[in-house]
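The structure appears below as structure tokens.
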Amino acid sequence: MDALKHAHSGLRWVLLLLFIGALVHAFSSWKQGKKYGAKSKLLNLVTMATMHTQVLIGLILYFISPYGILSGGTMKNEVFRFFAVEHIFGMILAAVLMTIGRKRAQESAKDAAKHRKIFIWYLITLIIVLASIPWPFRIETAGWF
């Protein structure tokens with residue numbers, strides 16, 4: 001379980017860097033009128049795949065960790081409630097929105113619209129992810145890695 005927990009915690013930094021890269025690329029490509037080509041598709045796909053990997057690892061942890069078990073006292077304990085309800089709900093919601101956003105962008109006819117949609121949907125997703133991460137300043141037992 002410790003290996004999964006460390007992988008999940010460390011992979012968040014990779015995901016955050018990918019988010020920043022995807023957002024900067026989408027915004028600059030949108031504003032500069034660049035083509036939505038293979039580089040854009042790959043960056044957006046890798047970011048989404050990393051997000052889905054994070055959610056999958058998180059779901060495994062949810063079912064094997066004491067933080068994920070809903071019991072009578074879960075909602076009374078701030079840390080248990082965060083992991084058992086808030087964290088998992090926020091991350092699953094973010095993964096779903098990211099997937100919808102990427103699909104909608106792919107369906108757009110114009111390249112500028114594709115970049116704009118990726119930027120907007122990925123930005124909304126990133127905000128949800130940032131709000132759902134167990135930061136050390138928010139959760140006492142959380143760490144930076």
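The distance from the CD1 atom of Ile57 to the CG atom of Leu11 is 5.5 Å, given to the nearest 0.5 Å. Separating the CG atom in Leu17 from the OG1 atom in Thr50 is a distance of 10.5 Å, to the nearest 0.5 Å. Taking OG1 of Thr53 as the start and NE2 of His8 as the end, the distance is 11.5 Å to the nearest 0.5 Å.
Although no hydrogens or angles enter the test, the distance criterion places no donor-acceptor pair under 3.5 Å between the side chain of Trp121 and the main chain of Lys103. At distances below 3.5 Å, at least one donor-acceptor pair connects side-chain atoms of Tyr62 with backbone N or O atoms of Ala84. Using a distance-only test at 3.5 Å, with no hydrogens or angles considered, a donor-acceptor pair links the side chain of Arg12 to the main chain of Ser9.
Ring geometry, Tyr122 versus Phe19: the interplanar angle exceeds 60°, so the pair is classed perpendicular (tilted spans 30 to 60°).
Scanning both residues, Thr47 and Leu15, for their nearest heavy atoms gives O-CD1, 3.7 Å. Taking both residues in full, the closest heavy atoms of Arg81 and Glu86 are given as NE-OE2, 3.1 Å, listed atom of the first, atom of the second, then distance. When every heavy atom of Leu43 is checked against every heavy atom of Gly21, the shortest pair comes out as CD2-O, 3.6 Å.
When the shell of 6.0 Å around CD of Glu78 is examined, it contains 12 or fewer heavy atoms from other residues, nucleotides or ligands.
The shortest side-chain heavy-atom distance between Thr125 and Leu93 does not fall under the 4.5 Å cut-off.
Hydrophobic clustering, with ILVMFWY side chains joined whenever heavy atoms are under 4.5 angstrom apart, keeps Ile20 apart from Leu42. Under a hydrophobic-cluster definition in which Ile, Leu, Val, Met, Phe, Trp and Tyr are linked whenever side-chain heavy atoms come within less than 4.5 Å, directly or via other members, Ile100 and Leu126 are assigned to the same cluster.
A donor-acceptor contact closer than 3.5 angstrom links the side chains of Ser108 and Lys117.
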### Query
Going through the distances and angles, do Ser28 and His115 end up as a side-chain hydrogen bond (donor to acceptor under 3.5 Å, both in side chains)?
CA-CA 9 Å; Ser28 64; His115 289 301; over 6 Å; no
